[in-house]
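What you see below is based on every heavy atom in this structure, not just the backbone, and it leaves out hydrogens, waters and symmetry mates.
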Amino acid sequence: METVAFRGWRALRDDQLLAEAAKHGFTALVTTDKRMAGEQRHSAIAIVAVDDNRVSRLTAAVPAIAEAIRGTGPGESRIVAVADPHR
């Protein structure tokens, strides 16, 4: 797992980011940008959007995120709803 910042891809538009990730062998992109999941339907990689960016909630949602990655194929997208632990 790597980050966009680590790769130096922060300035790329969504379509460029997905193309660059696919070119480098990535099969999935995990993001908190839910719009990307709906807008980038023709990507060569899977897009898994998580609906919360708080580290504590992301950590708790790792099993659901991993399952979404396994269950989402190239060109598909999925949104993972992160549960509020206080509900």
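When the side chains of ILVMFWY residues are joined at heavy-atom separations under 4.5 Å, either directly or via intervening members, L58 and V30 end up in a single hydrophobic cluster. M36 and V80 are assigned to two separate hydrophobic clusters, defined by single-linkage of ILVMFWY side chains at heavy-atom distances under 4.5 Å. Note: the hydrophobic cluster containing V50 does not contain L29 (ILVMFWY, side chain heavy atoms under 4.5 Å, direct or indirect links).
Contacts classified as side chain to side chain donor-acceptor pair (under 3.5 Å) and involving residues 60-80 (residues at least two apart or in different chains) are given here: R41-S77, E67-R70, T72-R78. Each side chain to side chain donor-acceptor pair (under 3.5 Å) pair with one or both residues in residues 26-39, not counting sequence neighbours, would appear here, but there are none. The ring-ring contact (aromatic ring centres under 6.0 Å, His included) contacts involving residues 12-40 comprise W9-H24, where partners must be two or more places apart or lie in separate chains.
For R13, the salt bridge (Lys or Arg N to Asp or Glu O under 4.0 Å) test picks out D15, with sequence neighbours left out. Contacts of D51 classified as salt bridge (Lys or Arg N to Asp or Glu O under 4.0 Å), with partners at least two apart in sequence or in another chain: none. A22 pairs by the side chain to side chain contact (heavy atoms under 4.5 Å, CB included) definition with A44, I45, not counting sequence neighbours.
Atoms CD and CG, on Q16 and L18 in that order, are 10.5 Å from each other to the nearest 0.5 Å. Distance check: R7 CZ to L17 CG gives 11.0 Å after rounding to the nearest 0.5 Å.
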